[in-house]
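To keep things clear, I will list the structure first and then write my remarks on it.
All of these numbers come straight from a predicted model, not from anything done at the bench.
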Amino acid sequence: MTSNGPLAHTFKANPHWLPRQPERGLHHIPGSKGLPFIGNTFPLLRDPRAFNRRMVEHYGMVYRNRALGSTSVQLLGPDANELVLFDRDRLFSSEQGWGPVLNLLFPRGLMLMDFDKHRADRKTLSVAFKPEPMRHYATQLDAGIAARLPSWRGEMKFYPAIKKLALDLAATSFLGVDLGEDADRINQAFVDEVQASVSPIRSPLPGTSMRKGVRARAYLIDWFNREIPARRHGARGGNGIDFFSQFCRATDEQGEPLSADAIADHMNFLMMAAHDTITSSATTLVGLLARHPEWQERLRDEVRALDPQVPLVDQLDRLTLTDYAFKEALRLMPPVPSIPRRALRDFSFGGFDIPAGTGVGVNVMFTHHMPDIWPEPHRFDPLRFTPEASKGRHRFAWVPYGGGAHMCLGLHFAQMQVKLLMANLLRTYRIESDPGAGEAWQMFPIPRPKDGLPVRLVALA
């Protein structure tokens with residue numbers, strides 16, 4: 001068994017991590033430790049929005065909670081988002097926040113890096129998001145979406161269909177290859193990794209979700225490692241402009257290439273993020289447009305107003321209403337509903353002194369539904385994002401991509417892909433759904449509709 005094998009290790013903190021703050025050191029903060037051993041894990045996973053609402057009603061906007069094996073302090077609202085995500089004073093570790101959840105599955109991914117190491121790797125990886133490769137991705141994405149849409153006509157479950165398409169598109173843009181017969185196994189491996197991140201059992205014991213996730217990671221890392229030698233020399237990946245080939249040729253600030261382990265870890269994390277979060281967000285938007293046909297027509301009119309003689313990829317900035325609608329979908333259902341960190345030093349917030357070593361969480365979903373910021377917060381209203389409506393709004397009131405140094409590296413890629421999807425979809429089909437379709441969601445680890453979002457795609461004349 002290699003060092004990447006599924007039973008090579010169980011979770012343990014890296015040597016430089018601070019010890020977790022004992023729960024007795026947090027008793028001055030109101031909250032709940034839940035049931036013995038399991039804490040509040042199950043009510044949190046069952047309905048996180050209702051759970052968080054109850055906690056705020058009982059304890060306020062700063063509260064203590066025990067779930068998924070550890071105790072954390074939740075800090076709510078846009079001021080908390082700014083403090084933790086912008087992190088002006090380098091108070092918070094993303095590595096030590098995400099690590100207990102992801103360290104067995106996505107170690108050394110960009111989210112599990114802090115400060116100078118994070119900045120250096122992010123700078124190296126950003127070469128793949130420059131204008132020339134982004135235009136190349138857009139052209140490939142547009143062609144891939146257009147080729148798939150004819151098979152979608154009629155009744156279908158949108159979530160699994162867009163997940164398969166998103167993985168195929170990610171393979172084209174990120175890997176430069178057609179996954180072919182490996183596609184289903186690779187997709188299942190990502191599903192197993194992501195699901196393991198919220199497993200109540202945090203060690204890969206036989207029969208557990210974590211065991212499946214760790215085995216899935218081993219399979220994917222092996223797949224990437226087998227490809228790296230050829231990618232370094234341009235032997236695969238067509239013109240070599242895909243993410244994977246660029247990472248294999250990239251050099252750090254000292255002019256040294258990334259190690260094979262670093263490349264494999266970054267690709268494992270980015271491939272997951274690229275197709276799972278886009279799948280969730282695109283499903284949210286399509287479900288909303290099915291329930292709000294008047295907005296569907298407004299977006300369709302915007303698409304029809306584009307110049308048919310100009311490539312779609314050159315006109316995406318004209319899809320203003322589509323951009324507003326996507327932002328509103330991300331407000332209503334952010335693909336990462338909460339974000340963990342760990343305090344590296346003592347700090348104060350909301351009238352409470354919080355010691356170093358404390359797990360800290362900000363709740364994106366809660367902020368996105370605060371009625372004093374978003375009137376009628378459950379109503380779908382893309383016009384909330386016009387310049388006039390946005391004026392004066394707290395800059396951390398809308399944070400679906402995180403914020404600060406850890407803001408999502410692929411946010412422009414996600415926006416581009418969803419605009420291409422909607423432009424192709426709306427000029428081809430009318431989207432319909434029955435009452436209640438897509439209304440019940442599983443929130444963690446990444447939101448998805450429990451019914452898969454059944455829709456009817458009716459061809460337009």
Side-chain angles (χ1 to χ4, degrees), residues 1-8 104-109 128 136-137 140-141 143-145 147-149 151-152 157 159-197 204 209-249 258 260-280 282 410 413 417 421 445-446 448 452:
M1 186 72 68
T2 68
S3 61
N4 288 322
L7 298 182
L104 288 182
L105 307 164
F106 301 101
R108 298 175 298 278
H136 174 75
Y137 309 147
Q140 289 189 314
L141 293 170
I145 292 166
R148 185 65 57 87
L149 285 189
S151 68
W152 284 7
K157 289 195 173 184
Y159 180 87
I162 188 61
K163 193 174 195 307
K164 186 178 189 318
L165 174 58
L167 178 63
D168 291 344
L169 295 175
T172 300
S173 298
F174 281 63
L175 303 179
V177 297
D178 182 348
L179 294 176
E181 62 184 20
D182 291 334
D184 288 344
R185 185 173 180 188
I186 289 173
N187 184 49
Q188 187 59 50
F190 284 120
V191 169
D192 290 344
E193 280 188 310
V194 171
Q195 195 59 41
S197 69
S209 175
M210 183 60 78
R211 170 103 165 197
K212 289 177 65 177
V214 172
R215 285 188 178 277
R217 167 185 157 73
Y219 166 74
L220 291 167
I221 293 298
D222 180 65
W223 193 95
F224 290 125
N225 273 319
R226 283 187 278 113
E227 287 280 317
I228 288 172
R231 300 299 183 113
R232 287 199 190 277
H233 305 292
R236 288 288 301 272
N239 61 10
I241 204 169
D242 59 274
F243 285 69
F244 194 9
S245 297
Q246 291 190 79
F247 293 167
C248 288
R249 298 192 304 268
L258 292 173
D261 284 346
I263 293 168
D265 282 326
H266 283 309
M267 286 304 304
N268 184 39
F269 175 72
L270 289 171
M271 278 288 290
M272 177 278 295
H275 88 281
D276 265 353
T277 57
I278 286 175
T279 294
S280 177
F413 181 88
Q417 183 165 336
L421 172 67
I446 295 174
R448 63 177 178 84

Where [X] and [Y] come nearest, the two heavy atoms and their spacing:
X	Y	value
Ala264	Ile221	O-CD1, 3.6 Å
Tyr219	Ala189	CD2-CB, 4.0 Å
Arg217	Arg108	NH2-NH2, 3.7 Å
Ala196	Gly213	CB-CA, 3.8 Å
Leu141	Ser173	CD2-OG, 3.7 Å
Leu165	Gly144	CD1-O, 4.2 Å

Below 4.5 Å, heavy atoms only, C-beta onward: do [X] and [Y] meet side chain to side chain?
X	Y	result
Thr172	Tyr137	no
Arg448	Ser280	no
Phe247	Ile228	no
Pro204	Arg215	no
Asp265	Phe224	no
Ile263	Phe244	yes
Phe174	His275	no
Leu105	Met272	no

Polar side-chain atom of Asn187 near backbone of Ala183 as donor-acceptor pair, under 3.5 Å: no
Any donor-acceptor N or O pair under 3.5 Å, side chains Asp192, Gln188: yes
Under 3.5 Å side-chain donor-acceptor pair for Asn268 and Glu193: yes
Rounded to the nearest 0.5 Å, how far does [atom2] of [Y] lie from [atom1] of [X]?
X	Y	atom1	atom2	answer
Leu421	Leu149	CG	CG	7.0 Å
Leu169	Gln140	CG	CD	9.5 Å
Met267	Asn225	CE	CG	12.0 Å
Arg232	Cys248	CZ	SG	6.0 Å
Arg249	Leu258	CZ	CG	12.5 Å
Glu181	Ile186	CD	CD1	10.5 Å

From CA spacing to verdict: side-chain contact (heavy atoms from CB on, under 4.5 Å), Arg148, Asp168: CA-CA 10 Å; Arg148 185 65 57 87; Asp168 291 344; 2.6 Å; yes
Test salt bridge (charged side-chain N to carboxylate O under 4.0 Å, His left out) applied to Asp276 and Lys163, step by step: CA-CA 7 Å; Asp276 265 353; Lys163 193 174 195 307; 3.2 Å; yes
side-chain contact (heavy atoms from CB on, under 4.5 Å) between Leu270 and Phe413, intermediate numbers included: CA-CA 12 Å; Leu270 289 171; Phe413 181 88; over 6 Å; no
